[in-house]
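Excluded from the calculations below are hydrogen atoms, water molecules and symmetry mates; all remaining heavy atoms, backbone and side chain alike, are included.
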Amino acid sequence: MANLIAFVLRRLVAMIVVVYLIATIVFFLAHASPYDPIRLNLGQHAANKVAYANYAHLFGLDKPEWRQYTDYVGGLLHGQLGYSEGQDTWGQPVWDLLKHGVPVSLKLGGYALILSLIVGLPIGLISALKQNSIVDHGSQFFVMVAYAVPVFVLIPLAQLLFAVRLGWLPVTGWGTPGLEGYKEMILPVSLFAAGLAGFFAKSFRSFMLEVLSQDYIRTAKAKGLRQRLVIYRHAFRNTLLPLASIVGPTVAFLIVGAFIIETFFSIPGIGLTTVDSVISSDYPVIEATTLILAVFVVVINMLTDIFYAMVDPRVRL
Amino acid sequence: LNKAPSKILSIGVAVAFATTLFVTANARMRVQAHPQHSTAALPTLRIDYWAGGKGKLAKTLDPALITETAQADTVAMVQANLVYIGVDDKVHLGLAQKYTVSKDRKTYTFFIRPNARYSNGDYVTAKDIEQSIYEALLPSTASPVAGSYMGEIVGATELNTGKATSLPGVKVLAKLELQVRLTQPFAYFLKTFTYPTSDALDQKIVAGKTRNAANNFLTTNCPGNVGAGPFKFKCVGNDFYPSGQTPSYTLVPNPYYYGKKPKIQVVMPAIDTRETSYNTYLANGIDTTVVPSAYISKWKGNKQFHVSPTSVVVYAATNQHAAPFDNVHCRIAVAYAIDRNTIANKVLHGAVKPIYDIVPPGFLGYYDGKDNPHYSVAKAKAELAQCPGRSTPITYVYDTTGSDSDNRSAAFVQMLNAVGFNAKLKAITANDWLSIVSSGFGGMSKSQTQIVFDDWQQDYPDPQDYAELLMDCNQDYNIGGWCNAKYHSLMQKADVEGNAKKRAQDYIQAQHIAISEGAWVTEYNSLSFYLIKPNVHGIVPTVAYGDLVPVNYDWSKVTVGK
């Protein structure tokens with residue numbers, strides 16, 4: 001346990017350094033953008049010199065870059081993320097945008113991840129056990145389709161079929177109370193999960209085939225162990241390590257990875273906010289979302305390492 | 001880690017991880033347990049003002065900061081002004097029951113309705129409006145538009161630029177009497193005064209609150225939007241909608257509205273794209289939608305289909321300070337080379353109408369432009385022959401927003417090359433395009449742009465908003481940098497001309513000068529296409545508003561049947 005605490009503390013200290021470095025790099029990269037957020041926000045009204053100057057002053061964009069940087073870092077130390085400079089969210093506190101959006105993206109991503117694991121792992125397992133059979137080929141075909149067809153192609157088709165033609169599900173929306181809310185979740189969660197499930201199924205099949213060819217599996221079978229025990233006690237457990245190595249990073253990127261889904265289904269997550277912030281040179285939101293992602297990646301990596309140690313006694317923290 | 005604690009640790013960390021994921025994932029579910037508004041009492045109109053806005057609602061609800069149509073039209077439902085633009089694009093009395101104009105037409109006195117009240121029951125006073133105008137003009141508010149729309153008021157420019165701290169041109173004469181003095185008898189003043197920048201705000205609510213764009217009080221605080229318009233927002237705590245849900249505004253009737261009260265509630269969801277809005281309409285998720293151009297022909301003739309002219313004019317701006325368009329013959333050659341009917345009817349499938357003047361149809365000063373260059377290959381070639389830089393390669397720049405803009409621009413360049421120009425096409429992003437067209441007077445030179453696509457939509461329904469702001473000398477929006485003494489004097493004269501007929505003639509004469517010199521290459525006036533459910537009555541598309549609004553702007557006449 002002492003090892004674990006020391007490990008977590010080391011990682012937390014490293015996280016502070018990583019976050020600071022990322023904040024600095026992202027700040028200067030964002031400000032190197034040729035786009036002028038004031039001009040983008042004011043549109044043709046940016047031609048009004050007084051309006052332009054007033055806006056620049058209000059948001060501190062008339063200050064030298066080094067001064068903007070010290071203001072930004074100072075704000076971070078005080079827990080202030082600043083105000084959005086995006087075309088559609090100009091002036092709104094960044095924290096307000098994120099505090100509503102992050103839980104929504106987590107919910108969408110969390111459900112999609114769970115669904116994709118529930119669907120993807122059994123498919124991968126069955127494919128591996130029935131290698132080169134018609135079941136394997138059939139399931140691999142569907143896995144490839146789910147993995148390869150872009151989600152922006154699947155979404156309009158699904159909306160037209162299930163919402164417009166059949167009228168079973170709403171075209172867009174998220175979070176409506178009651179049954180309608182669950183109906184709203186079906187299409188986005190399923191479509192988001194489809195690609196992930198394909199990825200997990202394909203990966204898990206490979207991992208399982210690799211493990212099944214190991215000597216200790218042959219030994220277990222030779223000892224007369226039942227197939228089920230061989231699979232679950234020896235094979236499955238040894239696929240957890242490589243599986244964790246792909247699920248961990250996937251979890252980290254779920255938070256911003258759903259922007260296409262969020263766009264098409266009017267889901268108020270931060271995936272779309274993140275992409276919009278890049279398009280419209282929204283420096284404060286770019287910086288804040290990158291920091292969140294960085295923290296999330298560090299934390300997930302830490303949890304993954306702990307998980308490694310749990311499932312593999314050879315790994316030391 | 002030895003084996004026994006490892007198992008316990010394994011289970012513990014796994015449970016912690018799963019719990020963290022589920023707790024964060026389900027956080028919204030608990031927030032949603034807040035009481036929801038009952039929507040059963042009133043019929044609901046679900047309207048798509050916020051379609052195509054990337055899933056976002058207004059970036060501002062502060063009347064002083066509004067620059068976009070959907071913001072203005074939403075705020076117009078909640079806030080009110082002394083005067084407003086009707087769906088006939090004319091000025092009507094709003095909070096003012098009447099107004100008087102002095103003989104020199106420089107002083108307006110507004111008399112506020114005694115029954116004008118905000119949605120919290122407070123009465124509207126002249127002091128409220130004086131303070132609202134003052135704050136809109138303050139440099140600290142950083143309004144992008146207040147200086148332009150109220151610059152005619154005595155002291156407004158000085159206040160807006162920080163050279164003064166008072167606004168002598170606006171004076172409270174009595175509790176319900178407000179005087180506004182102008183620097184000159186501007187003929188278009190009342191029209192600019194309809195803009196939300198002079199909306200009445202309840203000072204008991206907004207006094208001391210942040211009015212600038214950073215963390216604006218009205219934009220971030222739903223209950224703060226106490227207005228004197230026909231509706232008020234239905235709030236969820238301080239928010240406009242329950243956290244975690246698709247963003248939307250819900251508006252219910254203002255019980256203290258001075259006019260006839262609406263009998264419906266209005267729900268305006270934020271829908272990311274126009275295509276999604278259209279599909280949502282088909283699935284009965286909303287009651288109105290804009291029709292994407294690909295589906296226009298499918299709906300023509302259907303009762304749900306409505307067409308409206310707009311105030312959008314599309315034109316090509318030429319750089320007057322660089323070859324080849326520093327020469328009048330080169331510019332006119334372009335004007336003759338463009339077959340506007342082909343662009344309107346074939347390339348854009350009838351979604352636009354060709355025009356040959358600057359101001360849009362229906363405006364004072366609009367005319368058919370028969371004396372201006374029309375499509376003629378022969379005349380284009382003749383003019384090009386006199387163009388000194390005729391062999392200069394030219395690049396037509398446009399912002400690519402989809403197949404329509406690509407096809408239109410490709411046709412434009414083909415037509416130029418058909419008469420002998422050496423033209424090519426350059427598609428740029430909307431961001432890059434904005435940096436060209438919002439760089440002030442003669443801004444095309446800074447980016448070395450020769451000819452660029454541009455468009456303009458009314459801020460207020462007056463030819464001054466087009467002819468003067470876009471083409472007169474030294475105007476910020478005159479990106480080509482054309483300047484003509486005769487044109488300038490006509491603009492100055494029209495600004496203060498009290499006789500509407502004479503004023504219209506001034507604008508017509510001026511437009512002919514600009515277009516016949518090729519300073520402005522006319523293209524077309526856009527149309528709007530809407531679908532409205534058959535059970536919805538009383539709303540219409542108009543030139544005045546970019547959205548569907550009630551007939552005579554009377555929300556009490558809007559009904560939603562079963």
**Study point:** Atom group of A/Tyr52 that falls short of 4.5 Å from chain B, counting heavy atoms
**Key:** neither
Review point. Which region of B/Ala146, side chain (C-beta onward) or backbone (N, CA, C, O), has a non-hydrogen atom less than 4.5 Å from a non-hydrogen atom of chain A, or is it both or neither?
Key: neither
Point to revise | Side chain / backbone / both / neither for B/Ala270 at chain A, heavy atoms under 4.5 Å | key: backbone
**Study point:** chain B contacts, top residue of A/Gly167, A/Ala53, A/Gly86, A/Pro93 (heavy-atom pairs, under 4.5 Å)
**Key:** A/Pro93
Review point. Quick one: side-chain hydrogen bond (donor to acceptor under 3.5 Å, both in side chains) partners of B/Tyr477, sequence neighbours excluded?
Key: A/His45
Exercise for review: State, yes or no, whether a side-chain contact exists between A/Asp305 and A/Phe7 at a heavy-atom distance under 4.5 Å.
Suggested key: yes
Point to revise | Options B/Gln475, B/Glu275, B/Lys59, B/Lys56, ranked by heavy-atom pairs under 4.5 Å with chain A, top entry | key: B/Lys59
Check your understanding: For the candidates B/Ala142, B/Ala283, B/Pro269, which exhibits the highest count of non-hydrogen atom pairs separated by less than 4.5 Å from chain A?
Key -> B/Ala142
Check your understanding: Based on non-hydrogen pairs under 4.5 Å, which of B/Thr429, B/Thr246, B/Asn160, B/Asp459 is most in contact with chain A?
Key -> B/Thr246
Review point. Would a line drawn from the ring center of A/Tyr83 to the ring center of A/Trp90 be shorter than 6.0 Å?
Key: no
Check your understanding: Taking only residues two or more places apart in sequence or in another chain, which ones pass side-chain hydrogen bond (donor to acceptor under 3.5 Å, both in side chains) with A/Ser84?
Key -> A/Thr89, A/Asp282
Study note, to complete from the structure: Ranked by heavy-atom pairs below 4.5 Å to chain B, first place among A/Ala51, A/Pro268, A/Gly269 goes to A/Pro268
Check your understanding: Heavy-atom distance under 4.5 Å between the side chains of A/Ser266 and A/Trp174, does that happen here?
Key -> no
Review point. Non-hydrogen atoms of chain B under 4.5 Å away: do they reach the side chain of A/Ile155, the backbone, both or neither?
Key: neither
Point to revise | Smallest separation among heavy atoms of A/Glu262 and A/Ile270, with atom names | key: OE1-N, 3.6 Å
Point to revise | Residue part contacting chain A, namely of B/Thr219, when any heavy atom lies under 4.5 Å | key: side chain
Review point. In terms of heavy-atom proximity below 4.5 Å to chain A, should B/Thr276 be classed as side chain, backbone, both, or neither?
Key: both
**Study point:** Contact leader toward chain A among B/Asp432, B/Ile479, B/Thr161, where contacts are heavy-atom pairs under 4.5 Å
**Key:** B/Asp432
Revision key, fill the gap. Okay, A/Asn48 and chain B: the region with an atom under 4.5 Å from a heavy atom over there is both
Exercise for review: With a 4.5 Å cut-off on heavy-atom pairs, point out which of A/Asp96, A/Ile267, A/Leu58 contacts chain B the most.
Suggested key: A/Leu58
Check your understanding: Does B/Tyr315 reach the side chain of B/Leu470, with side-chain heavy atoms less than 4.5 Å apart?
Key -> yes
Check your understanding: Under 6.0 Å between ring centres, would you say that holds for B/Tyr241 and B/Tyr249?
Key -> no
Check your understanding: Between B/Asp399, B/Asp455, B/Asp454, which is the residue that forms a side-chain contact (heavy atoms from CB on, under 4.5 Å) with B/Val437?
Key -> B/Asp454
